[in-house]
Amino acid sequence: MKAMLTAYRTDIGKVRLINEDRAAVQNGINGFTLAIVADGMGGHQAGEIASKMAVELIQSHLLGLTNVWDEHNRPAAIRRAIVHANETVFEFASNQQRFYGMGTTVVATLASNKDMAIGHIGDSRAYLWKASVKDKTKGAGSLRQVTEDHSLVNELIKTGQITPAEASTHPRRNVLTRALGTEKQAEVDVTQLTWQHGDILLLCSDGLSGLVKDSVLEQVLSQDRDLEWKADELVRLALDAGGDDNITVVLLENREINQSIQDRGDDE
């Protein structure tokens with residue numbers, strides 16, 4: 001059975017005592033790959049529980065569907081899976097005072113070698129690197145962020161109150177405007193994209209995107225190195241930049257192989 005080339009890493013970072021990030025990658029599902037990244041919040045291990053629940057619930061929901069594999073059904077299926085996870089996490093937290101207010105970001109994709117559906121809530125991101133874009137001289141071409149952060153600083157950028165450069169040091173840069181599990185109802189953004197042989201999808205928590213510039217992410221992804229090296233290098237760069245948050249990286253490369261790669265991570 002063919003499976004997409006994948007790699008993922010998660011690292012506790014240099015400051016946090018608990019890794020509240022969670023990720024899952026599952027290959028070879030009727031020709032699709034499922035990948036999820038969640039970044040929990042809430043303190044007292046509540047964030048760790050929220051992210052773990054979200055990943056498991058989304059994975060279970062999608063794998064339990066029979067009609068999800070049609071390209072027209074996948075965006076709605078991703079949305080329903082995240083909404084279902086939100087309802088379950090919210091109910092769980094509401095019934096236990098020590099977990100009240102816990103939540104998590106999430107970004108999830110179901111990808112084939114032709115296209116992908118991506119659903120997200122919060123500020124964990126998806127980036128698409130296009131192998132077909134050869135001209136790097138203009139510094140703009142092949143990497144683009146394909147999700148929009150649900151964060152206070154992003155709203156301030158959109159309204160012209162701060163610049164993107166100011167956002168990286170803004171005192172409220174960690175404030176989210178949407179998260180999974182913090183409200184009874186969740187508003188989920190879903191997008192559908194096509195991609196080609198050699199392209200790379202990056203899913204990550206803000207432990208990477210908050211410390212490593214997009215231009216540096218692009219430089220790593222464009223290297224003629226294997227996917228495992230690229231995942232390791234992205235985590236190393238985030239650690240070298242301070243590592244003040246948990247770091248999670250998931251890479252999917254549109255380059256089919258004849259057997260599944262064993263996914264691995266450093267769960268700390």
Quiz prompt | Partner residues of His197 under the side chain to side chain donor-acceptor pair (under 3.5 Å) criterion, sequence neighbours left out | solution = Arg255
Quiz item: Can a salt bridge be assigned to the pair Lys230 and Glu233 using a cut-off of 4.0 Å between side-chain N and carboxylate O?
Solution: no
Quiz item: What distance do Leu17 atom CG and Asn246 atom CG have between them, rounded to the nearest 0.5 Å?
Solution: 10.0 Å
Practice problem: In sequence, state the C-alpha distance, the side-chain angles, and the governing distance for Met102 and Gln96, and then conclude on side-chain contact (heavy atoms from CB on, under 4.5 Å). | Solution: CA-CA 10 Å; Met102 78 176 188; Gln96 301 187 65; over 6 Å; no
Exercise. List for me each residue that meets salt bridge (Lys or Arg N to Asp or Glu O under 4.0 Å) alongside Asp189, sequence neighbours excluded, and say none if there are none.
Key: Arg178
Quiz item: How far apart are the closest heavy atoms of Ala7 and Ala231, and which atoms are they?
Solution: CB-CB, 4.2 Å
Quiz item: How far does OG of Ser151 sit from CG of Asp123, to the nearest 0.5 angstrom?
Solution: 6.0 Å
Quiz item: Hey, what do you get for CD1 (Ile200) to CD (Glu253), rounding to the nearest 0.5 Å?
Solution: 4.5 Å
Quiz item: Looking at residues at least two apart in the chain, or sitting in another chain, which of them share a salt bridge (Lys or Arg N to Asp or Glu O under 4.0 Å) with Glu56?
Solution: Lys52
Self-check item: Heavy atoms of other groups near Gln97 CD, more than 12 under 6.0 Å
Solution: no
Quiz item: Can you tell me how far CG of Leu227 sits from CE of Met4, rounded to the nearest 0.5 angstrom?
Solution: 11.0 Å
Exercise. Return the minimal non-hydrogen interatomic distance between Ala186 and Ile121, and the atom names on each side.
Key: CB-CD1, 4.0 Å
Quiz item: If every non-hydrogen atom of Ile118 is compared with every non-hydrogen atom of Leu193, which pair is closest and at what distance?
Solution: CD1-CD1, 4.1 Å
Self-check item: Gln185 atom CD: more than 12 heavy-atom contacts under 6.0 Å
Solution: no
Practice problem: Go through the steps for His120 and Val106 under the test side-chain contact (heavy atoms from CB on, under 4.5 Å), then give the verdict. | Solution: CA-CA 5 Å; His120 89 285; Val106 70; 5.7 Å; no
Quiz item: Hey, what do you get for OG1 (Thr248) to CZ (Arg22), rounding to the nearest 0.5 Å?
Solution: 8.5 Å
Quiz item: Gly40 and Ser51: which non-hydrogen atoms are nearest, and at how many Å?
Solution: N-CB, 3.7 Å
Self-check item: Cluster check Ile78, Val83: I/L/V/M/F/W/Y, side chain < 4.5 angstrom
Solution: yes
Quiz item: Testing Thr88, Ile82, Asn86 for side chain to side chain contact (heavy atoms under 4.5 Å, CB included) with His84, which one passes?
Solution: Thr88
Quiz item: So, Glu218 and Lys213, do they make that salt bridge, N to O below 4.0 Å?
Solution: no
Exercise. Examine distances only and state if a side-chain atom of Trp195 and a backbone atom of Ser112 form a donor-acceptor pair shorter than 3.5 Å.
Key: yes
Quiz item: Taking the side chain as C-beta and beyond, is there a heavy-atom pair between Leu5 and Leu252 under 4.5 Å?
Solution: no
Exercise. Give the C-alpha distance, both sets of side-chain angles, the deciding distance and a yes or no for side-chain contact (heavy atoms from CB on, under 4.5 Å) between Ile29 and Leu34.
Key: CA-CA 8 Å; Ile29 314 168; Leu34 170 63; 4.0 Å; yes
Quiz item: Going from OG1 on Thr177 to CG on Asn154, what distance comes out if it is rounded to the nearest 0.5 angstrom?
Solution: 7.5 Å
Exercise. For the residue pair Thr105 and Leu180, establish whether any side-chain heavy-atom pair is separated by less than 4.5 Å.
Key: no
Quiz prompt | Leu57-Phe90 co-clustered via ILVMFWY side chain contacts under 4.5 Å | solution = no
Quiz item: Above 12 or not: heavy atoms from other molecules or residues under 6.0 Å from NZ of Lys14?
Solution: yes
Quiz prompt | Any donor-acceptor N or O pair under 3.5 Å, side chains Tyr100, Arg98 | solution = no
Quiz item: What pair of heavy atoms forms the shortest contact from Gly198 to Trp129, and how long is it?
Solution: O-CZ3, 3.5 Å
Quiz item: Hey, mind stepping through Tyr8 and Val249 against side-chain contact (heavy atoms from CB on, under 4.5 Å) and telling me if it holds?
Solution: CA-CA 5 Å; Tyr8 85 80; Val249 173; over 6 Å; no
Exercise. Mark yes when over 12 heavy atoms from residues, nucleotides or ligands other than Glu91 sit less than 6.0 Å from its CD; otherwise mark no.
Key: no
Quiz item: Taking all atoms of both residues into account, what is the closest heavy-atom pair of Ile58 and Ala108, and its distance?
Solution: CG2-CB, 4.5 Å
Quiz item: Is Arg144 salt-bridged to Asp214, cutoff N-O under 4.0 Å?
Solution: no
Quiz item: Excluding sequence neighbours, so at least two apart, what forms salt bridge (Lys or Arg N to Asp or Glu O under 4.0 Å) with Asp226?
Solution: none
Quiz item: Just wondering, do Leu237 and Val216 contact through their side chains at under 4.5 Å, heavy atoms?
Solution: yes
Quiz item: Is the closest side-chain heavy-atom distance between Asn19 and Thr10 below 4.5 Å?
Solution: yes
Practice problem: For the residue pair Val220 and Val212, establish whether any side-chain heavy-atom pair is separated by less than 4.5 Å. | Solution: no
Practice problem: Could you check if a side-chain atom of Leu203 sits within less than 4.5 angstrom of a side-chain atom of Leu201, using non-hydrogen atoms only? | Solution: yes
Quiz item: With sequence neighbours left out, which residue pairs that include part of residues 238-250 fulfil the salt bridge (Lys or Arg N to Asp or Glu O under 4.0 Å) condition?
Solution: Arg16-Asp245, Arg236-Asp240
Quiz item: Got a sec, which pairs hit side chain to side chain donor-acceptor pair (under 3.5 Å) with one end in residues 200-212, sequence neighbours left out?
Solution: Asp21-Ser205
Exercise. Could you tell me whether the side chain of Met116 reaches within less than 4.5 Å of the side chain of Gln192, counting heavy atoms only?
Key: no
Quiz item: Taking everything shown except Glu183 itself, do over 12 heavy atoms lie less than 6.0 Å from its CD?
Solution: no
Quiz item: With side chains defined as the heavy atoms from C-beta onward, is the minimum distance between Val107 and Arg125 less than 4.5 Å?
Solution: no
Quiz item: Linking I/L/V/M/F/W/Y whenever their side-chain heavy atoms sit closer than 4.5 Å, directly or via other members, would Met41 and Leu152 fall into one cluster?
Solution: no
Practice problem: Evaluate the side-chain hydrogen bond (donor to acceptor under 3.5 Å, both in side chains) criterion for residues Thr33 and Asn27: first the C-alpha distance (whole Å), next the side-chain angles of each, then the deciding distance (0.1 Å), finally the verdict. | Solution: CA-CA 5 Å; Thr33 294; Asn27 258 324; 2.6 Å; yes
